[in-house]
**Q** 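I'd like to ask some things about the structure below.
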Number of protein chains: 2
Amino acid sequence: MATPSGKPARLSPKPGVSANKISQRLLASTSPKRGSQNAPIKQKDKTAGQNEALSKVRIVDAAIEQIDRNGLMGFSLRDVARTLGVYPAAVYWHVPTRDALLAAVVESTMEDVAPPLGKGTWQDWFRELFSRYRKAVKRHPNVAQLVGAQLVSNGSLSPQMIDRILSMLVSAGCDESKIVEMYNVVVATMVGFVTLEYASLPSDDPANWAAQLQEKTHAIRALEFPTLARHLPAMANKAFIVRWQSGTDAPMDSSFVAFIEVAIAGMEQVLSRQ
Amino acid sequence: MATPSGKPARLSPKPGVSANKISQRLLASTSPKRGSQNAPIKQKDKTAGQNEALSKVRIVDAAIEQIDRNGLMGFSLRDVARTLGVYPAAVYWHVPTRDALLAAVVESTMEDVAPPLGKGTWQDWFRELFSRYRKAVKRHPNVAQLVGAQLVSNGSLSPQMIDRILSMLVSAGCDESKIVEMYNVVVATMVGFVTLEYASLPSDDPANWAAQLQEKTHAIRALEFPTLARHLPAMANKAFIVRWQSGTDAPMDSSFVAFIEVAIAGMEQVLSRQ
DNA sequence: ACCTGAACACCGTTCAAGT
DNA sequence: ACCTGAACACCGTTCAAGT
């Protein structure tokens, strides 16, 4: 009845979902999958509007739509092709690989995060930058993981954003010798919290998973971990590691604010010390 | 010759690698894959040592080894089974799913990150925590993405670490009403930078990819982005978004130090204000 | 209790051939 | 130039059956 892994050996038959890879489930949220067979279904009716010429933008849009609906887990080139009514190979004419497509998705998601170089304080500018980034991710939360992984080293290289961050650091009085370090601090701050906040849950079966995690939570020995035990009620589903919903369903607004205030206060401090 | 996506329509035949999913390539580093067929190759010789009874720990260890060698991309249940000389289904007796296995990998990677509650300052304790976390990730860099995604909301719930972080915050004078927020700040700080630093590169062909990115970099219009242009030499391969190696090959030590100093200075500031 | 052997329903990618 | 149609080499997962 119970396997060594402590779970029932097999649950319900689980029909079409099956297969997949890497962070897939880890990063995923939910997703059905009504599988059609092989050949694409050409829909000639105007209602669907699926018969304009295929193009990279149409493909990227379809990909985003699919990721929004089904999570990263629900994403596959073949499915995108299916919803566009073409063969998978057709997609390959416009996009060299699956991951190039995902890179394009990231790029599209990240348009216009960097605020213009107005006349406020540098502190306010960075606050605005961080908030805008978060809003951009919020619009397509299931893309969050991609962004985190991609933004680091990627063709989604937005020179404008980089230039503005550097300019702002200069006008914040950052020493030229420290500017690369501080730039990295800014980017890590921008991306770090939000990536975690919107990291999606591992399970196919969120309800069950939440229940299990709550179990585990209640099983914590109050004597061994008194501080944790004391704060548990306040932390439940509101603190990293002790939550069972992602930022989509349980936003962490106040913690985000705290995070950026810490970051900015820290930057003030470090910049004034140099 | 050139497709709309601006890349050659098809490169070299690309033999066995093929297929895969999600962040796969995004998170991956490199990986061959010498494919055996279907049935596992039983090796009865002692040298390989592959004939002890199958068990969850052996499976997890094999998984880690494989991820270290081939990247997350090179990871598959079937491959793990292959190296253990058993059928894929055998693995399923010990581990309920692929992602449960990856969760176990994370858990194993994250052992003992939280330092004991010694007698130093709270500042030093957090410095130590952040450094230990980074070292743990460094040991198995290809697991970094998993950790980032998992640690947030996961069965890798380590009550001890949480308890210690909370205790430290209390003794740092953190107001009880702000403790959850500050805890989240700490976790995001711990995980954020390092996850980005070790995020792996998208390409199957890192050399080519690096070249392309350098091209793109040189193509930046100096007139349009003067600050960026000025600092480009200092940033190349050392700054997020403008690098073509991951933390494994190009560690970002000084930026990491700057990051945690900013974080700690910020925490001092915020804690003293409340 | 633990594993084999085979099957199922998917993948990403390639490639000749059509239009 | 753009897409079809089919194939190739993989996946994760299930399930009866063996031992």
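These numbers were taken from a predicted model, which means no experiment stands behind them. Letters A, B, ... mirror the listed sequences (proteins, then strands); counts begin at 1.
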**Q** Would you indicate whether the side-chain heavy atoms of B:Phe75 and B:Asn70 approach each other to under 4.5 Å?
**A**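 Heavy-atom side-chain distance check fails, nothing below 4.5 Å.
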
**Q** Quick one: A:Arg82 CZ to D:dC3 C1', roughly how many Å, whole number?
**A**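 Atom CZ in A:Arg82 sits about 17 Å away from atom C1' in D:dC3.
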
**Q** Looking at residues at least two apart in the chain, or sitting in another chain, which of them share a salt bridge (charged side-chain N to carboxylate O under 4.0 Å, His left out) with B:Arg139?
**A** none

**Q** Reading DNA chain C 5' to 3', how would its secondary structure be written in dot-bracket notation, given Watson-Crick and G-U pairs with both distances under 3.5 Å, brackets [ ] for crossing pairs and | for partners on other strands?
**A** ||.|||||...|||||.||

**Q** CG of A:Leu77 versus P of C:dG12: gap in Å, rounded?
**A**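 Taking CG of A:Leu77 and P of C:dG12, I get 5 Å after rounding.
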
**Q** Side chain of B:Tyr92 only, heavy atoms from C-beta on: which candidate in C:dC3, C:dT13, D:dT13 is closest?
**A** D:dT13

**Q** Rounded to the Å, how far apart are B:Leu84 CG and C:dT4 P?
**A**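 In whole Å, C:dT4 P and B:Leu84 CG are 11 Å from each other.
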
**Q** Could you walk me through whether A:Phe193 and A:Phe240 satisfy the ring pair (Phe, Tyr, Trp, His ring centres under 6.0 Å) test, starting with their C-alpha distance in whole Å, then the side-chain angles of each, then the deciding distance to 0.1 Å, before giving a yes or no?
**A** CA-CA 10 Å; A:Phe193 187 99; A:Phe240 291 134; 5.4 Å; yes

**Q** Choosing from C:dT14, D:dT13, D:dC3, which nucleotide comes nearest the side chain of B:Arg98?
**A** D:dT13

**Q** Starting at CG of A:Leu101 and ending at P of C:dC11, how long is that distance when rounded to a whole Å?
**A** 14 Å

**Q** To check you understand the geometry: which heavy-atom pair defines the closest contact between A:Leu196 and B:Val187, and what is its length?
**A**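 So the two residues come closest at CD1-O, 4.2 Å.
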
**Q** Taking the minimum atom-to-atom distance to the side chain of A:Tyr87, which one of D:dT13, D:dT4, D:dC3 wins?
**A**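 Nearest to the side-chain atoms of A:Tyr87, counting from C-beta on, is D:dT4.
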
**Q** Are B:His94 and C:dA1 close enough that a side-chain N or O sits under 4.0 Å from OP1 or OP2?
**A** no

**Q** Can you check whether B:Arg58 has a side-chain N or O nearer than 4.0 Å to OP1 or OP2 of C:dC2?
**A** no

**Q** Would you call A:Arg58 and A:Asp61 a salt bridge, taking side-chain N to carboxylate O under 4.0 Å as the test?
**A**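 No, this pair does not count.
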
**Q** Taking only the side-chain heavy atoms of B:Leu54 (C-beta and beyond), determine which of C:dC3, C:dT13, C:dC15 contains the nearest atom.
**A** C:dC3

**Q** Counting only side-chain N and O atoms of B:Arg78, is one of them less than 4.0 Å from OP1 or OP2 of D:dA9?
**A** no

**Q** Go through A:Glu197 and A:Arg134 one step at a time and tell me if the side-chain contact (heavy atoms from CB on, under 4.5 Å) criterion holds.
**A** CA-CA 10 Å; A:Glu197 183 183 6; A:Arg134 185 160 179 256; 2.7 Å; yes

**Q** Separation of B:Ile59 atom CD1 from C:dC2 atom P, in whole Å?
**A** 11 Å

**Q** Given C:dC10, is OP1 or OP2 found less than 4.0 Å from the side-chain N or O atoms of A:Ser76?
**A** no

**Q** Do B:Val91 and B:Arg78 make a side-chain contact, defined as non-hydrogen atoms from C-beta onward lying under 4.5 Å apart?
**A**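 With C-beta onward as the side chain, the pair stays apart.
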
